[in-house]
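In what follows, a single structure is set out as structure tokens and then discussed.
In this text the structure is predicted, and so the values were computed from the model without any measurement. Numbering of ligands and ligand atoms starts at 1, following listing order.
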Amino acid sequence: MAKHSVQQEEAYYGKVAAGKLFPLWKMPPQQPEPKPRAVPYVWRWDSVVELLDEAGRMDHTIDQGGERRALIMINPGFEGPFAGTTPSIAAAMQMIKPGEVANAHRHSMAAIRFILRGSGATTVVNGEKVTMEEGDLVLTPQMVWHDHTNPMAQDLYWLDALDAPLVFYLNANFYNFYYEDVQPETVPENHTADTLGGGLLRNQYAPPRERSLSLIYKWKDTYAALHSATEAEGSPFDGTIFEYTNPLDAGHTLPGMSCFIQRLRPGEHTEAHRHTTSVVYHAYQGQGSIIINGQRLDWARGDTFVVPSWAWHEHVNGSYSEEAVLFSVSDLPVIEAMDLYKVEEGSRQEVAGVIEGSR
Ligand code: GTQ
Ligand code: FE2
């Protein structure tokens, strides 16, 4: 083989780059397992709410038909305005003030909303109104028109999660404004949920439905489900955990994201496991800790935190008298569709430190 001079090599790699090519042999070494750029991180309820409230006092974008008052939680391992909370999901905290309307629009990013504080605001999804109360989960699948109104006297806060990072990455992002601020109601309030008969009865004469439904999962049903499960029906890794399923096929919540609710009994401390889904958690009730790759993160009600892919994690309910409830959303449907779901079961970890931003 001929020996090449440095100049010849440089010239060669210059031509490769000019040809918009990259030599595989110059790639950084492959890792045997995922080494996520996403890091474990926590957004504290008080600090996010304070910043939302400040925005509420200083800007009027919502009244002027502008964007929603939502603060996207950017994982510190990422950068740029299109970065999300995990590689696939952008979670945000949204606040809507009394009398405000978040104007009607639609997009190919699917969204979920989990209502945190304040009840009585409404969302209209493709002409169907639903009234949102604390603990409800509301779906706006891809490309459905949606506008939010707060007719109540108090501020309303909810957690948004969109599959936006993935949709942008795939260049499948569409976005349109409705020609008026709010869309007309064309369907009776709560029609989708009412006509689904709890998912058990199917109207044999109604036209077929799209799989992605504009659903609301009411907190009272979620709460009842959580408390129907016996201790033996809990997971050693997650406590009592339920997935919000699609009533038509019992599949995941949406094509790009699935949502879960889990209950940790007083004093419960789970075993650790790790899996190839990335998860955004929201502490809905109680207080506790999660130990991620040997680092402890203490959380309280209202905090939102991330568990990156393939990170060992175990849950601790920090109270011996109160139960804890965690809402979560992950990219499980996408990971599964690509046959990439992998889970490894372990046991409790030794705690070697504390995660940045821990209380
Ligand atoms: O409420 O429709 O956090 O369109 C990001 C994009 C919320 C919404 C977000 C959105 C919305
Ligand atoms: Fe939206």
Side-chain angles (χ1 to χ4, degrees), residues 43 45 48-49 51-53 55-56 59 61-75 78 80-86 88-97 99-118 120-132 136-151 155-170 172-183 212-216 253-257 259 280 282 302 304 306 327-329 331:
W43 291 266
W45 172 258
V48 180
V49 160
L51 290 170
L52 275 178
D53 291 352
D59 81 9
T61 52
I62 297 219
D63 318 34
Q64 292 158 5
E67 266 301 350
R68 282 109 165 89
R69 186 184 298 107
L71 291 172
I72 307 165
M73 302 181 204
I74 310 282
N75 193 290
F78 302 157
F82 293 105
T85 318
T86 73
S88 49
I89 293 174
M93 197 77 80
Q94 181 163 171
M95 190 267 271
I96 173 162
K97 293 197 286 185
E100 277 184 337
V101 172
N103 62 321
H105 70 188
R106 66 177 185 180
H107 36 75
S108 55
M109 293 69 89
I112 64 99
R113 298 165 220 297
F114 186 67
I115 312 305
L116 301 176
R117 299 283 197 285
T122 57
T123 281
V124 182
V125 183
N126 270 359
E128 177 181 340
K129 181 157 107 181
V130 293
T131 301
M132 303 179 290
D136 292 352
L137 175 71
V138 179
L139 308 187
T140 49
Q142 59 102 4
M143 268 346 218
V144 297
W145 295 107
H146 53 287
D147 50 80
H148 319 299
T149 302
N150 185 357
D155 296 340
L156 179 87
Y157 299 86
W158 67 63
L159 181 79
D160 288 311
L162 288 87
D163 50 17
L166 195 56
V167 175
F168 277 109
Y169 190 76
L170 296 172
N173 49 305
F174 294 85
Y175 193 113
N176 315 108
F177 288 102
Y178 197 67
Y179 59 90
E180 286 180 280
D181 267 2
V182 293
Q183 57 184 310
S212 291
L213 298 163
S214 308
L215 276 178
I216 180 164
T253 317
L254 285 166
M257 295 180 286
C259 300
V280 179
H282 181 84
T304 306
V306 181
F327 172 83
S328 60
V329 52
D331 50 12

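- Between W43 and L71, the closest side-chain pair of non-hydrogen atoms is not below 4.5 Å.
- Near ligand 1, heavy-atom contacts under 4.0 Å come from R68, A70, A92, Q94, H105, H107, R113, H146, H148, D160, L162.
- The side chain to side chain contact (heavy atoms under 4.5 Å, CB included) test with L159 is passed by exactly one of R113, Q94, M73: M73.
- Using a 4.5 Å cut-off on side-chain heavy atoms (C-beta onward), K129 and V124 make contact.
- Residues passing the ring pair (Phe, Tyr, Trp, His ring centres under 6.0 Å) test with Y178, sequence neighbours excluded: W145.
- The aromatic rings of H105 and F177 sit tilted relative to each other, their planes meeting at an angle between 30° and 60°.
- Heavy-atom contacts from other residues, nucleotides or ligands closer than 6.0 Å to CD1 of I72 number 12 or fewer.
- Angle NE2(H105) to the Fe ion (ligand 2) to NE2(H146): 90° [nearest 10 degrees].
- The atom of H107 that is an N, O or S and sits closest to the Fe ion (ligand 2) is NE2.
- Distance alone, capped at 3.5 Å, places no donor-acceptor pair between the D331 side chain and the S88 backbone.
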